[in-house]
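Reviewing the structure listed below.
Residue numbers start from 1 in every chain, and the chains themselves are labelled A, B, ... in the order their sequence lines are given, proteins ahead of strands.
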Amino acid sequence: MKEIKEKPRVRIAPSPTGPFHIGTARTALFNYLFAKKNKGSFILRIEDTDKERSKKEWEDDIIKSLLWLGLTWDEGPNPKDTNQEIGSFGPYHQSKRKEIYKKYLKKLIEEGKAYYCFCSPEELEAKRQYFMSIGQPPRYDGTCRNLTKQEVEKKFQEGKPFVIRIKTPEKKLSFVDLIHGKIEIDTSLLGDFVLAKGFEEPLYNFACVIDDYEMKITHVIRGEDHIPNTPKQILIQEALNLPRPQYAHLPLILGPDKSKLSKRHGDVAFSQYIKKGFLPEAMLNFMAFLGWNPGDEREFFNLYQLIEEFSLERCQKSPAIFNIQKLIWLNGHYIRKKPIKSLTRLCIPYLVEAGLIKPLYEATAKLINNNHYNHSDEIKDTYIVVETQEKISFSYIQKIIEIYQERLKYLAEIPELVDFFFKKELSYPKELLFWKEAREKETLKALKTLKTLLSKIKKEEWHKEKLAEIILPAAERFNEKNRGYLLWPLRVSLSGKKASAGPFEIAEILGKEKTLKRIEAAQILIKKEEK
RNA sequence: GGCCCCGUCGUCUAAUGGCUAGGACACGGCCCUUUCAAGGCCGAAAUACGGGUUCGAUUCCCGUCGGGGCCGCCA
């Protein structure tokens with residue numbers, strides 16, 4: 001494909017009528033990659049023309065999510081103060097652009113390319129039904145198209161509400177899509193569609209065309225569900241004599257049932273993924289591969305590498321099913337690669353939220369409470385274990401996180417994995433202590449052996465290497481066929497879980513005193529139930 | 001129903017007018033191992049169907065079938 005000579009200007013134009021959607025995030029990413037790859041501009045425009053449904057909280061959600069991903073925009077709302085804007089083609093909220101739309105609407109009316117329509121919703125519904133019943137696409141029949149000046153005047157006098165419709169010329173229209181190639185449609189199927197409700201409320205297709213023009217958008221990169229809108233938008237451009245941007249329609253993201261990913265598939269809200277503890281690196285890498293690939297077998301890409309490699313030519317035509325398993329796998333990969341200090345910082349809010357620990361200082365508490373978007377350093381602090389009221393340090397927590405780093409798939413899992421470190425007493429069925437066919441007797445014996453062995457280790461030597469040095473040979477002596485007879489009860493008595501990190505690393509973190517206490521607790525558990 | 005888009009393992013995908021159609025996730029097995037992970041090895045698994053063009057089509061063309069999107073005074 002030809003090189004892009006002009007510096008491209010692209011936009012992501014979400015409407016703040018609900019939680020920021022995973023599909024919108026993917027579209028944003030592709031726009032961003034295209035812009036950065038070609039040294040162009042990435043613009044954020046808030047499409048809030050639907051004043052009933054648009055809410056500030058959703059706009060904040062959009063902004064937060066994009067920033068979290070690191071997809072910063074060159075023009076749009078100022079992320080530091082959303083009442084301000086950056087860029088010289090604003091305003092970037094459609095709700096603030098009414099006067100601009102009005103100007104173009106008037107021009108169309110004056111030139112006879114659009115007209116007032118006074119038909120009521122009821123009348124239109126009836127017509128729609130009729131067309132459907134005879135197997136025709138439902139479209140406006142043009143009742144008001146040829147109203148005389150006097151008739152229009154009269155309706156105005158009566159104070160009848162009106163909409164503005166375009167006079168759609170009947171013709172074959174085609175456009176070149178950068179992903180799909182040439183797309184042709186017959187405009188007679190479109191009818192005279194509505195541009196705006198009165199002069200004050202422009203509708204999507206109209207506002208979009210005007211803004212794209214005024215903001216000098218060169219490439220419209222959006223979801224495939226917009227293909228049917230494209231001919232309408234081109235018709236508006238032609239009526240107004242505006243240049244046509246290039247179009248690229250990305251394949252849709254599908255749910256497991258192969259229909260467009262939507263609320264009923266569950267987690268489509270982007271913030272859910274942030275809360276669950278997916279990392280931006282994983283989300284970026286994953287979303288990029290939904291409809292794009294580098295053409296070889298590399299599979300890990302950071303944002304900069306994506307910018308380097310991205311091209312629309314390598315975009316897929318066919319839709320992709322959102323495969324959560326692969327996201328989880330990728331996330332595990334990025335968690336393993338995360339520096340341990342950063343990972344600990346990311347995990348702490350989850351531990352706090354689960355009520356396992358709490359920050360000693362109010363300031364930290366506030367910071368954590370705020371959200372999971374925070375990656376800041378301030379989180380290094382002293383914490384209090386809720387159940388025991390012990391003070392613990394950041395580095396103590398770090399040791400715990402470290403032994404779970406390769407097991408973690410997403411951050412929200414961390415509390416259930418490590419909760420036993422913060423519990424006063426563990427509760428688990430005694431059968432969990434039994435290795436293979438071992439029962440009370442053998443297990444008691446194992447626990448007793450462990451206690452004797454561990455008691456002899458000096459506090460200064462209490463680290464996992466020393467523990468292994470002592471316990472491992474003992475385990476072989478205990479049962480020459482299988483070390484599990486000694487090691488399994490150790491691990492279970494310390495963690496209370498059937499799956500966990502290794503017993504020596506756990507014991508090291510727990511310390512001598514607690515380790516011995518937990519072994520005793522296990523002995524008591526077995527004995528108590530024997531009676 | 002009309003119009004439009006799409007069709008390679010279950011999923012994300014690579015390849016090409018010509019080697020046994022490659023990789024990844026998930027799945028199964030084995031190894032490692034005290035468990036769970038991680039890691040290593042192995043395995044099962046796909047060109048929707050029918051015609052054409054061609055020496056040769058998964059690839060190009062046509063049709064069928066299948067899936068999806070859109071058909072608002074929502075975006």
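- Residue A/Lys96 qualifies as enclosed at atom NZ: its count of foreign heavy atoms under 6.0 Å is above 12.
- Note on A/Ser120: a base of the nucleic acid sits closer than 4.0 angstrom, heavy atoms only.
- Spacing between B/G72 and B/A15 at atom P, rounded to whole Å, works out to 39 Å.
- One can place CG of A/Asp177 at 15 Å from P of B/C4, the figure rounded to the nearest angstrom.
- Taking only side-chain atoms of A/Arg491, from C-beta outward, the nucleotide of B/C73, B/C25, B/U35 with the closest atom is B/U35.
- For the pair A/Asn293 and B/A14, the criterion of a side-chain N or O lying under 4.0 Å from OP1 or OP2 is met.
- Residue A/Ser500 is in base contact, counting any heavy-atom pair closer than 4.0 Å across all strands shown.
- Qualifying side-chain contact (heavy atoms from CB on, under 4.5 Å) partners for A/Ile403, counting only residues two or more places apart in sequence or in other chains: A/Phe421, A/Ala501, A/Glu505, A/Ile506, A/Ile509.
- A/Glu122 meets the side-chain hydrogen bond (donor to acceptor under 3.5 Å, both in side chains) test with A/Ser120; sequence neighbours excluded.
- Nucleotides B/C61 and B/U53 place their P atoms 16 Å apart, quoted to the nearest Å.
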Inset, instruction - Indicate for each nucleotide in nucleotides 27-33 of chain B, in 5' to 3' sequence, whether protein heavy atoms under 4.0 Å reach the base (B), only the sugar-phosphate (S), or nothing (-). - result: ------S
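- With a cut-off of 3.5 Å on both pairing distances, the Watson-Crick or G-U wobble partner of B/A24 is B/U11.
- Scanning atom types as modelled, no donor and acceptor separated by under 3.5 angstrom connect the side chain of A/Lys326 and the base of B/A26.
- Heavy atoms of A/Leu124 sit under 4.0 angstrom from at least one base atom.
- Rounded to whole Å, the P atom of B/G23 lies 14 Å from the corresponding atom of B/A46.
- For the C1' atom pair drawn from B/C9 and B/G43, the interatomic distance equals 14 Å after rounding to whole Å.
- Nucleotide B/C55: paired with B/G18 (Watson-Crick or G-U wobble, both distances less than 3.5 Å).
- Atom CZ of A/Phe289 and atom P of B/A24 are 13 Å apart (whole Å).
- Phosphate contact (OP1/OP2 of B/U34, side-chain N/O of A/Trp488, threshold under 4.0 Å): absent.
- Two rings, from A/Phe199 and A/Tyr101, have their centers 6.0 Å or more apart.
- Contact check for A/Pro489 versus A/Phe434: no side-chain heavy atoms found under the 4.5 Å cut-off.
- Remark: A/Lys167 NZ is packed, more than 12 non-hydrogen atoms of other residues, nucleotides or ligands lying under 6.0 Å away.
- The ring-ring contact (aromatic ring centres under 6.0 Å, His included) contacts involving residues 318-339 of chain A comprise A/Tyr273-A/Phe322, A/Phe286-A/Phe322, A/Phe300-A/Trp329, A/Phe300-A/His333, where partners must be two or more places apart or lie in separate chains.
- As rounded to the nearest Å, B/G39 and B/C25 have P atoms that lie 8 Å from one another.
- Checking B/C73, B/A75, B/G23 against the side-chain heavy atoms of A/Arg165 singles out B/C73 as nearest.
- No donor-acceptor pair under 3.5 Å is formed between the side chain of A/Glu508 and the backbone N or O of A/Glu465.
- Every residue two or more places apart in sequence or in another chain was checked for a side-chain hydrogen bond (donor to acceptor under 3.5 Å, both in side chains) with A/Lys436, and none qualifies.
- Residue contacts shown for A/Gly291 are limited to sugar-phosphate atoms, with no base heavy atom under 4.0 Å away.
- Partners of A/Glu309 according to the side-chain contact (heavy atoms from CB on, under 4.5 Å) rule, which considers only residues two or more places apart in sequence or in another chain, are A/Trp292, A/Arg298, A/Phe301.
- The nucleotide B/U64 finds its pairing partner in B/A48, both defining distances of the Watson-Crick or G-U wobble pair being shorter than 3.5 Å.
- Checking B/C12, B/C73, B/C4 against the side-chain heavy atoms of A/Ile183 singles out B/C4 as nearest.
- Between A/Phe300 atom CZ and B/G23 atom P there is a gap of 16 Å when expressed in whole angstrom units.
- What separates CG of A/Leu417 from C1' of B/A38 is a distance of 14 Å, to the nearest Å.
- The side chain of A/Arg314 lies closest to B/A14, out of B/A14, B/C25, B/C5.
- Among the atoms of the strands shown, none is found under 4.0 Å from any heavy atom of A/Lys497.
- Within 4.0 Å (heavy atoms only), A/Pro503 reaches at least one base atom of the nucleic acid.
- Take A/Tyr92 and apply the ring-ring contact (aromatic ring centres under 6.0 Å, His included) test, not counting sequence neighbours, and it matches no residue.
- Every residue meeting the side-chain contact (heavy atoms from CB on, under 4.5 Å) condition with A/Ile457, not counting sequence neighbours, appears here in chain and number order: A/Leu454, A/Glu461, A/Trp462, A/Lys466, A/Leu467, A/Ile470.
- Among the protein residues, A/Glu184 comes within range of the sugar-phosphate backbone only, with heavy atoms under 4.0 Å from sugar or phosphate atoms but none that close to a base.
- The ring of A/Phe175 has its center no closer than 6.0 angstrom to the ring center of A/His180.
- One C1' atom belongs to B/A48, the other to B/G66, and the distance between them is 7 Å to the nearest Å.
- Across the strands present, B/G72 finds no partner; the criterion is a Watson-Crick or G-U wobble pair with both atom distances under 3.5 angstrom.
- Summary of the strand contacts: A/Val163 and A/Glu299 both lie near RNA chain B, and taking for each the nucleotide with the nearest heavy atom, the more 5' one is attributed to A/Glu299.
- Summarising the geometry, the separation between CZ on A/Phe206 and C1' on B/C74 is reported as 17 Å, rounded to the nearest angstrom.
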Legend entry - Where protein sits on nucleotides 63-72 of chain B, one letter per nucleotide: B base, S sugar-phosphate only, - none, heavy atoms under 4.0 Å: -----SSSSS
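- Using N1 to N3 plus N6-O4 or O6-N4 for Watson-Crick, or N1-O2 and O6-N3 for G-U wobble, each under 3.5 Å, B/C41 pairs with B/G29.
- Toward the 5′ end of RNA chain B lies the nearest nucleotide of A/Phe322, the other residue of the pair A/Trp435 and A/Phe322 mapping further downstream.
- Listed by chain and residue number, nothing satisfies the salt bridge (charged side-chain N to carboxylate O under 4.0 Å, His left out) test with A/Arg165 (two or more places apart in sequence, or in another chain).
- Nucleotides B/C32 and B/C41 place their C1' atoms 11 Å apart, quoted to the nearest Å.
- Rounded to the nearest Å, the gap between the C1' atom of B/G67 and that of B/G10 is 16 Å.
- Counting non-hydrogen atoms under 4.0 angstrom, A/Cys119 reaches a base of the nucleic acid.
- Ranking B/C5, B/U13, B/C25 by closeness to the A/Gln316 side chain, first place goes to B/U13.
- When the nucleotides B/U35, B/A75, B/A38 are ranked by their closest atom to the side chain of A/Arg407, B/U35 comes out on top.
- Only A/Thr49, A/Asp50, A/Arg53, listed by number, bring a heavy atom of residues 49-58 of chain A to less than 4.0 angstrom from any atom of RNA chain B.
- Annotation: side-chain contact (heavy atoms from CB on, under 4.5 Å) contacts of A/Arg264 (sequence neighbours excluded): A/Asp257, A/Ser259, A/Ser262.
- Summarising the geometry, the separation between CD1 on A/Ile324 and P on B/C12 is reported as 14 Å, rounded to the nearest angstrom.
- At distances below 3.5 Å, at least one donor-acceptor pair connects side-chain atoms of A/Asn331 with backbone N or O atoms of A/Leu279.
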